[in-house]
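For reference, the structure discussed in these notes is given below.
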Protein chains: 2
Amino acid sequence: MQTGSGDQAARRPHTGRRRNEAARRAILDVVVDLIGRDDDAPVTIDTIAAAAGVGKQTIYRWWPSKGAVLLEAMTERADLDIPPSDTGTLAGDLEAFLRATFRLAGQATMARLLRKVMVEAQLDPQMGEATRSFLARRRSALRGLFERAAERGETAPGTDPDLLVDQAFGVLWYRILVGHAPLTEASAAELAGALTAQAVRRAPGEPG
Amino acid sequence: MQTGSGDQAARRPHTGRRRNEAARRAILDVVVDLIGRDDDAPVTIDTIAAAAGVGKQTIYRWWPSKGAVLLEAMTERADLDIPPSDTGTLAGDLEAFLRATFRLAGQATMARLLRKVMVEAQLDPQMGEATRSFLARRRSALRGLFERAAERGETAPGTDPDLLVDQAFGVLWYRILVGHAPLTEASAAELAGALTAQAVRRAPGEPG
DNA sequence: TACTTGACGAGACTCTTAGTCTCGGCAATG
DNA sequence: CATTGCCGAGACTAAGAGTCTCGTCAAGTA
């Protein structure tokens, strides 16, 4: 996500003052902290910079836009809190994966962060690309579970892993963005069961 | 969606000049037209007013926000182009419903309109409520198909219609917002088959 | 016909916020 | 100890949503 003069390191040895790592951490942490607050305090570049004790230019030196900061804060946590699952069965893998995913995304702070990132992704094409890339990694992780199950011969032939993946993340994002129903671990487990059933069997009369 | 002095009509007979219906239509049509253009012309209140040959105040007299105009333009078309389906079977109803829905939402202009509405819904709580209310109507229409099937005894006991509905609309919105895969009628049909399979049977070992 | 009411187009105005630019200062390298 | 480049601070620009006001126009009422 970093831009700025980072690529000059390839051309010649670095001189001058180095990046302040404490400032980087403060910025990312403050973003999550501000978003997590109950008062709907506006999360603007100015409030982030002020709360992090940092100049605005320090933010723009390392990130191309406000959305990019939000995305990195989000990515950091998502990559952390969702461990790969390998229980040996599709049902087990799927339930573990979706439980962890829904647990994280169901937290109020994380949900708000996800919403903001998705908004920025719609507003700025560069952010759209970056977000798409992050989400592609998440989809790939989930698709892996179905593909392993297919290799084991667990799933019916003709099963479309991409559709199954979109059904899972679709429920997640739809609920986060619309807010008509909560993301609970119970619903994650129920969804896991439904998708397992879908992958393992076919509708009556359908080939395969 | 209208506000302004509309509620005064209840208190006393209307006097003075009436609302210009041609202006209303021009505004809603111009919104769709501007959004549909290939050049990513910004769809701002000023450009809408100018293109519709209307003063900004005329917009704000009848809609509370820009998002509300977008939402009404979207609602108008959605309520129109998705007929209720009643083929007698869940598979048939579901496929007809999802085909019509994906066909409409898959059009470039409509997809962009949906994206913008969803963004506004995230940015403004009042818009969030209005959007939620529209989406609730759409969910209710789809849920009706599953409930009718349940009355016919077509679905397995323990089937959760709300989860099925969220899977369907989840795929739609997820694909629209992320843009990694198109909304085709073929995928609508495939999804309809998958959800039918899910509702009709249960995973092995699960009760019901 | 004359009066009243409220919508109309036009456009100036305020406010918020993202992002840029410039400053004097400071830390790492050589 | 000179150069380089990051630092915090804050002024500045630009875009866009929403408000306010003005003179005008149309639909009823007397």
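First the proteins, then the strands, lettered A, B, ... as listed; each starts at 1.
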Self-check item: Under 4.0 angstrom between Trp62(B) side-chain N/O and dG6(C) OP1 or OP2
Solution: no
Quiz item: Is a side-chain donor or acceptor of Glu95(B) paired with a backbone partner of Gly193(B) at a separation under 3.5 angstrom?
Solution: no
Practice problem: Please determine, by modelled atom types, if Ser85(B) and Asp93(B) share a side-chain donor-acceptor pair under 3.5 angstrom. | Solution: no
Quiz item: Starting at CD1 of Ile59(B) and ending at C1' of dG16(D), how long is that distance when rounded to a whole Å?
Solution: 13 Å
Quiz item: How many Å lie between CE on Met127(A) and P on dA18(C), as a whole number?
Solution: 13 Å
Distances under 3.5 Å only, N/O to N/O: pair up the protein atoms with those of nucleotides 17-22 of chain D.
unit_1: dA17(D); atom_1: OP1; unit_2: Lys66(B); atom_2: NZ; d: 2.6
unit_1: dA17(D); atom_1: OP2; unit_2: Ile45(B); atom_2: N; d: 3.0
unit_1: dG18(D); atom_1: OP2; unit_2: Tyr60(B); atom_2: OH; d: 3.0
unit_1: dG18(D); atom_1: OP2; unit_2: Lys66(B); atom_2: N; d: 3.1
unit_1: dG18(D); atom_1: N7; unit_2: Lys56(B); atom_2: NZ; d: 3.2
unit_1: dG18(D); atom_1: O6; unit_2: Lys56(B); atom_2: NZ; d: 2.5
unit_1: dC20(D); atom_1: N4; unit_2: Gln57(B); atom_2: NE2; d: 2.6

Quiz prompt | Separation of dC7(D) P from Arg25(A) CZ (nearest whole Å) | solution = 15 Å
Quiz prompt | Arg148(A) bridged to Glu151(A) by N-O distance under 4.0 Å | solution = no
Exercise. Could you check how far CD1 of Ile48(A) sits from P of dT17(C), rounded to whole Å?
Key: 12 Å
Quiz item: Between dA27(C) and Arg18(A), is there an OP1 or OP2 to side-chain N/O distance shorter than 4.0 Å?
Solution: no
Quiz prompt | Test: Glu76(A) and Arg24(A) ion pair at under 4.0 Å | solution = yes
Practice problem: Using a strict 4.0 Å threshold on nitrogen-to-oxygen distance, state whether Arg77(B) and Asp29(B) make a salt bridge. | Solution: yes
Exercise. For Ser65(A) and Met127(A), run side chain to side chain contact (heavy atoms under 4.5 Å, CB included): C-alpha distance rounded to whole Å, both residues' side-chain angles, the deciding distance at 0.1 Å, then the answer.
Key: CA-CA 8 Å; Ser65(A) 66; Met127(A) 266 300 292; 3.9 Å; yes
Quiz item: In whole angstroms, how far is the C1' atom of dC23(C) from the CZ atom of Arg61(A)?
Solution: 13 Å
Exercise. Round to the nearest Å and state the distance from Asn20(B) atom CG to dA27(D) atom C1'.
Key: 13 Å
Exercise. Please figure out whether Ala52(B) or Gly16(B) has its closest DNA chain C nucleotide nearer the 5' end.
Key: Gly16(B)
Exercise. Establish, with yes or no, whether the OP1 or OP2 oxygen of dG9(C) is under 4.0 angstrom from a side-chain nitrogen or oxygen of Thr58(B).
Key: yes
Exercise. Test for a donor-acceptor pair under 3.5 Å between the base of dC7(D) and the side chain of Arg17(A), counting only N and O atoms.
Key: no
Listing, residues 133-146 of chain A side-chain donor-acceptor contacts under 3.5 Å, not counting sequence neighbours, or none:
unit_1: Arg137(A); atom_1: NH1; unit_2: Asp79(A); atom_2: OD2; d: 3.4
unit_1: Arg139(A); atom_1: NH1; unit_2: Tyr174(B); atom_2: OH; d: 3.1
unit_1: Arg143(A); atom_1: NH1; unit_2: Asp162(A); atom_2: OD1; d: 2.7

Quiz item: Rounding to a whole Å, what distance do you find between Lys116(B):NZ and dG16(D):P?
Solution: 11 Å
